[in-house]
Amino acid sequence: TLQTSSMRHFLSAIAFIFAGTAAFSQCPEPVKAVSGPDIDVCTGGSVMLDAVLEGTDKCYWIGGKGDFIDRRALPGEYTPAPEETGTTIEFTLVAVSKDKDCTNDSVKVHVTVNPQSRVTAGPGRRICAGDTVQMHPEIKGAYKEVEWTTSGTGTFDDVHRVDAVY
């Protein structure tokens, strides 16, 4: 009977081990996150952090010292903190699995916070009808494009050229 009792405990232990490993079944719907592009923003602006989720609709954002309207939203709207100016912030989007047998997925998005550009067009100038003047603005900070406007009646030869002629 000692041998029968030992055999019963041995079989119970094996049954327990197999029951425990059955919990590691294959994930029925794997979770995947695919990020949007990296983004540039100026100080004082906000960005929409976006990604595509597969296998879940639950997620949250990690990173940044600024403000999210909702860290669990997709897309997530983020406004950088002033001290993040001149830095690149790394955000991690964690896609949360609906199934306990599946693992979460994550993806990274980078946001570069640039200082605001400052433009000085120079002093006002008087010109006679039919004359032109070439613009020579002073620009401080990074910029991607310019656009000249006027309150006068003249026009610019190219409103998107830094040294446009009026």
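Keep in mind that this is a model prediction, so the values were computed, not measured.
Between D38 and T112 the shortest side-chain heavy-atom distance does not fall below 4.5 Å. Counting heavy atoms from C-beta on, the side chains of T85 and P80 never come closer than 4.5 Å. For the pair V146 and I139, the minimum side-chain heavy-atom distance is below 4.5 Å.
Y166 contributes no side-chain N or O that, together with a main-chain N or O of M135, makes up a donor-acceptor pair within less than 3.5 Å. The closest donor-acceptor contact from the side chain of D50 to the backbone of G36 lies at 3.5 Å or more, if one exists at all. In this structure a side-chain-to-backbone donor-acceptor pair under 3.5 Å is missing from D105 to A95. Here the side chain of R118 pairs no donor or acceptor atom with the backbone of E138 at under 3.5 angstrom.
To the nearest 0.5 Å, atoms CD (E77) and CD1 (I69) are separated by 3.5 Å. Put simply, NZ on K32 and CD on E54 are 5.5 Å apart, with the number rounded to the nearest 0.5 Å. Rounding to the nearest 0.5 angstrom, the gap separating the NZ atom in K58 from the CG atom in N104 is 11.0 Å. Taking CD1 of I62 as the start and CZ of F91 as the end, the distance is 11.5 Å to the nearest 0.5 Å. Separating the OG atom in S35 from the CG atom in L93 is a distance of 8.5 Å, to the nearest 0.5 Å. With rounding to the nearest 0.5 angstrom, the SG atom of C59 is 9.0 Å from the CZ atom of R72.
E147 and H160 form no side-chain donor-acceptor contact under 3.5 Å, judged by distance and modelled atom types alone. No side-chain donor from either of S97 and T56 sits under 3.5 Å from a side-chain acceptor of the other.
The same ILVMFWY cluster, assembled from side-chain heavy atoms under 4.5 Å apart, contains both V47 and V107. Hydrophobic clustering (side-chain heavy atoms under 4.5 Å, transitive across Ile, Leu, Val, Met, Phe, Trp, Tyr) keeps V34 apart from V96.
For the pair V113 and E84, the tightest heavy-atom approach, listed with the atom from each and the gap, is CB-O, 3.4 Å. Residues A51 and L74 share a closest heavy-atom pair of O-CD2, 3.5 Å. Annotation for R161 and W148: closest pair O-NE1, 3.0 Å, computed over non-hydrogen atoms. Considering every non-hydrogen atom in both Q116 and T43, the closest pair reads NE2-O, 2.7 Å. Summarising the geometry of S46 relative to T79, their closest heavy-atom pair is CB-OG1, 3.4 Å, with the distance given to 0.1 Å. Heavy-atom minimum distance, L49 versus I39: CD2-CD1, 3.9 Å.
Using a 30° and 60° split on the angle between ring planes, W61 and F68 fall in the parallel class, below 30°.
Here the options are D67, V41, V111, I89, the test is side chain to side chain contact (heavy atoms under 4.5 Å, CB included), and the partner is Y78; only I89 passes.
Within 6.0 Å of NZ on K98 lie more than 12 heavy atoms contributed by other residues, nucleotides or ligands. More than 12 heavy atoms of other shown residues, nucleotides or ligands fall within 6.0 angstrom of atom CD in Q134.
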